[in-house]
Amino acid sequence: MNTNKGKLIILSGPSGAGKGTICAELLKRLPDLIISRSATTRAPRPNEQRNRSYFFVSQETFLEMVANSELLEYDQHFENYYGTPKKFVLDMLKFGKDVLLEIDVRGALQVKQNFPESILFFIEAPSEKDLYERLVKRGTENEEKIQIRMARNKLELAQKHKYDYCIMNDDVDRAVKEIISILNQRRQQQ
Ligand code: 5GP
């Protein structure tokens with residue numbers, strides 16, 4: 001597949017690395033950037049309004065979307081499905097918009113295969129201890145689920161060399177500035 005207009009910008013990284021905060025800051029600082037909203041079968045968290053962070057759908061609906069080729073990529077993560085609705089992203093790219101995807105490593109690598117010019121950022125937290133503390137502080141998962149996420153984090157970390165850039169989220173403002181500076185350089189190279 002080839003898109004010679006907008007670019008796909010993909011952020012992945014361990015649970016608790018601060019991807020959500022970085023995405024929110026990128027959207028504030030880059031007014032032309034559009035975020036893709038994923039579909040998921042996960043239940044909404046108390047702070048997530050229905051259809052705001054995600055399209056919350058049943059497993060049946062999700063599998064229908066897969067069968068109808070409505071997803072750009074999808075993955076099963078912690079017993080739930082997550083996927084990127086295809087039409088919205090392709091329409092935005094056609095309009096020349098850059099589209100931000102916050103998705104897991106398997107999803108990101110699927111997208112990179114189909115869109116080699118997409119730009120992949122792996123967001124890292126300073127240490128495992130730091131990640132654990134951020135997950136506890138976030139308060140959205142119990143200890144058992146935190147441990148499952150920590151195990152998955154290790155698997156994802158082992159794949160970070162496949163990313164175009166690794167960004168250390170030791171400080172949100174610094175990390176966001178680093179990403180924006182890379183995006184500006186890439187634009188100049190075009
Ligand atoms: P959470 O349940 O914490 O919102 O998300 C769990 C994981 O699913 C995160 O690593 C997040 O990046 C990933 N994720 C969210 N949306 C998508 C998606 O559309 N596709 C894929 N492959 N992963 C996603």
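What you see is a predicted model, and the numbers here were worked out from it, not measured in a lab. Remember, it's 1-based here, ligands and their atoms both numbered in the order they're listed.
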**Study point:** Polar contact flag, side-chain donor to acceptor under 3.5 angstrom, Y81-T40
**Key:** no
**Study point:** With E25 via side-chain hydrogen bond (donor to acceptor under 3.5 Å, both in side chains) - residues at least two apart
**Key:** K28, R29
Practice item. Any pair with a residue in residues 179-190 that passes salt bridge (Lys or Arg N to Asp or Glu O under 4.0 Å), sequence neighbours left out, goes on the list, sorted by first then second residue, please. Key: D98-R187
Practice item. Output the rest of the hydrophobic cluster of I9: all Ile, Leu, Val, Met, Phe, Trp and Tyr residues reachable through side-chain heavy-atom contacts under 4.5 Å, sorted by chain and number. Key: L11, I22, L26, L27, L30, L33, I35, L100, I119, F121, I123, Y165, I167, V172, V176, I179, I180, I182, L183
Review point. Any idea which heavy atoms bring Y163 and S12 closest together, and the distance?
Key: OH-OG, 2.6 Å
Exercise for review: List, ordered by chain and residue number, the protein residues whose closest non-hydrogen atom lies under 4.0 Å from any atom of ligand 1.
Suggested key: K19, S38, R42, R45, Y54, E73, D75, H77, Y82, G83, T84, E102, I103, D104, G107, R149
**Study point:** Test: K160 and E124 ion pair at under 4.0 Å
**Key:** yes
